[in-house]
Amino acid sequence: MLDATNRSGGTATARPRAGSSDLAVAVPTAAPVLAPAPGFAGRCARVLLSPWSRLSLLVVLLASAAVVMVVLEPQQLLTEGLPARLGGAVGVVAYAVAYGACTLAFVPRPLLNLAAGALFGSQFGLVAALGGTVLGAGLAFCLGRVLGQEALRPLLRGRWLKAADHQLSRHGFRSMLAARLFPGIPFAAANYCASVSRMGLLPFLLATALGSIPNTAAYVVAGARASTPTSPAFLIALACIAVPGLAGAVVAWRKRHRLRAG
């Protein structure tokens with residue numbers, strides 16, 4: 001405030017009001033904390049969890065599974081049968097689990113389907129084979145998604161690879177359903193291609209279960225009726241195996257020019 005005069009009669013001088021900056025107390029700022037440099041354990045963890053390390057682990061696991069299957073020779077089940085303690089429902093479940101593991105080791109599914117029919121008959125053999133198919137496909141999908149997708153997706157540069165990835169990512173269910181219905185596409189290749197794409201697990205499993213029924217049932221019935229090769233059931237099963245294969249070959253031959261030009 002400005003007074004008109006001071007007590008001595010002189011002219012008053014202005015006294016400015018103290019600002020907020022004058023009242024503020026200087027607070028010392030803490031020095032920035034520097035993050036410790038990553039040690040040897042951190043570098044090792046980074047290397048082990050890198051995409052290419054995980055892909056290498058996937059290759060090692062699949063190669064080891066293939067070697068184990070060669071040593072165990074699961075095809076002996078066709079001649080020796082299951083152990084006596086694995087009868088009934090326990091045997092069906094055990095065979096489905098073994099089926100799934102064998103598909104990871106690239107054991108041909110037709111052989112496993114024939115064995116299921118020979119060991120359990122048509123009905124229970126179909127349950128065991130179909131359960132093993134879905135289990136093996138799900139295991140392969142999860143392994144490929146966790147261990148291989150991050151490393152392999154940047155490599156999808158070819159024309160056909162990009163087209164397959166786009167088809168599976170955008171139309172995963174119907175694409176996988178078609179792949180399972182036609183026997184020309186290898187089972188393991190379809191599993192790992194789907195895992196590298198952006199297709200979901202649930203549509204993949206559902207399409208695998210539905211699309212694998214016709215071909216799996218044909219092989220299972222053929223295995224169950226192999227002792228009577230002239231029976232109508234065996235002949236119908238052979239026709240169900242041959243006709244889709246021929247249809248797939250014809251479609252591929254007619255589309256070959258489009259594939260080359262695409």
Side-chain angles (χ1 to χ4, degrees), residues 58 61-146 173 176-195 199 201-226 237 240-241 244-245:
L58 176 61
L61 289 175
L62 296 180
S64 302
V67 171
V68 170
M69 289 299 107
V70 172
V71 174
L72 294 180
E73 298 181 351
Q75 65 272 13
Q76 292 181 358
L77 292 175
L78 290 173
T79 57
E80 300 177 2
L82 289 173
R85 63 181 179 275
L86 294 179
V90 176
V92 172
V93 174
Y95 187 84
V97 174
Y99 188 116
C102 288
T103 57
L104 288 177
F106 306 103
V107 177
R109 285 185 62 247
L111 176 63
L112 297 172
N113 294 333
L114 290 172
L119 294 172
F120 301 106
S122 299
Q123 297 179 355
F124 290 105
L126 178 59
V127 173
L130 195 60
T133 297
V134 176
L135 176 62
L139 291 175
F141 184 92
C142 293
L143 284 175
R145 177 63 55 88
V146 174
F173 177 79
M176 187 53 56
L177 183 65
R180 300 308 190 192
L181 286 173
F182 291 99
I185 301 176
F187 181 74
N191 294 336
Y192 291 110
C193 286
S195 69
M199 182 180 183
L201 176 61
L202 185 59
F204 171 79
L205 294 178
L206 185 59
T208 297
L210 295 177
S212 300
I213 291 176
N215 185 263
T216 303
Y219 276 101
V220 169
V221 172
R225 302 301 178 91
C240 292
I241 293 172

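In what follows, every heavy atom counts, from backbone to side chain, and hydrogens, waters and symmetry copies are set aside. The structure presented is a predicted model; accordingly, all values stated were derived computationally and were not measured. Along the sequence shown, the residues carry numbers beginning at 1.
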What is the distance from atom CE of Met176 to atom SG of Cys193, rounded to the nearest 0.5 Å? 8.0 Å
Considering non-hydrogen atoms only, spot the tightest contact between Leu181 and Gly211 and give its length. CD2-O, 3.5 Å
Does either side chain, that of Thr216 or that of Arg109, offer a donor lying less than 3.5 Å from an acceptor on the other one? yes
Which atom pair, heavy atoms only, marks the closest approach of Tyr192 to Ala140? CE2-O, 3.5 Å
Going by heavy atoms in the side chains, are Val127 and Phe120 under 4.5 Å from each other? no
More than 12 non-hydrogen atoms from neighbouring residues, nucleotides or ligands closer than 6.0 Å to CZ on Arg145, yes or no? yes
How long is the span from the CG atom in Leu206 to the CG atom in Leu177, to the nearest 0.5 Å? 8.5 Å
On a heavy-atom basis, the closest approach of Arg180 and Ala190 is NH1-CB, 3.7 Å
So OG1 of Thr133 and CZ of Phe187: to nearest 0.5 Å the spacing works out to 5.5 Å
Under the side-chain hydrogen bond (donor to acceptor under 3.5 Å, both in side chains) test, residues paired with Thr103 that sit two or more places apart: none
Sorted by chain and residue number, the ring pair (Phe, Tyr, Trp, His ring centres under 6.0 Å) partners of Phe204 (sequence neighbours excluded) come out as Phe141
Should Phe124 and Leu119 count as side-chain neighbours, where that means a heavy-atom distance under 4.5 Å? no
Where Gly136 and Leu104 come nearest, the two heavy atoms and their spacing: O-CD2, 4.0 Å
Please report the interatomic distance CG(Leu114) to CD1(Ile241), rounded to the nearest 0.5 Å. 6.5 Å
Nearest-0.5 Å distance that lies between atom OG1 in Thr208 and atom CZ in Phe173: 9.5 Å
Is there a side-chain contact between Cys142 and Leu201 (heavy atoms, below 4.5 Å)? yes
Rounded to the nearest 0.5 Å, how far apart are CG of Asn215 and CG of Leu130? 11.0 Å
Would you say that Tyr219 contacts Leu112 through its side chain, given a criterion of any heavy-atom pair below 4.5 Å between the two side chains? no
Can you see which heavy atom on Ala96 is nearest to which on Leu135, and at what distance? O-CD2, 3.9 Å
Testing the basics here: between Val220 and Ser122, what is the closest heavy-atom pair and its distance to 0.1 Å? CG1-O, 3.5 Å
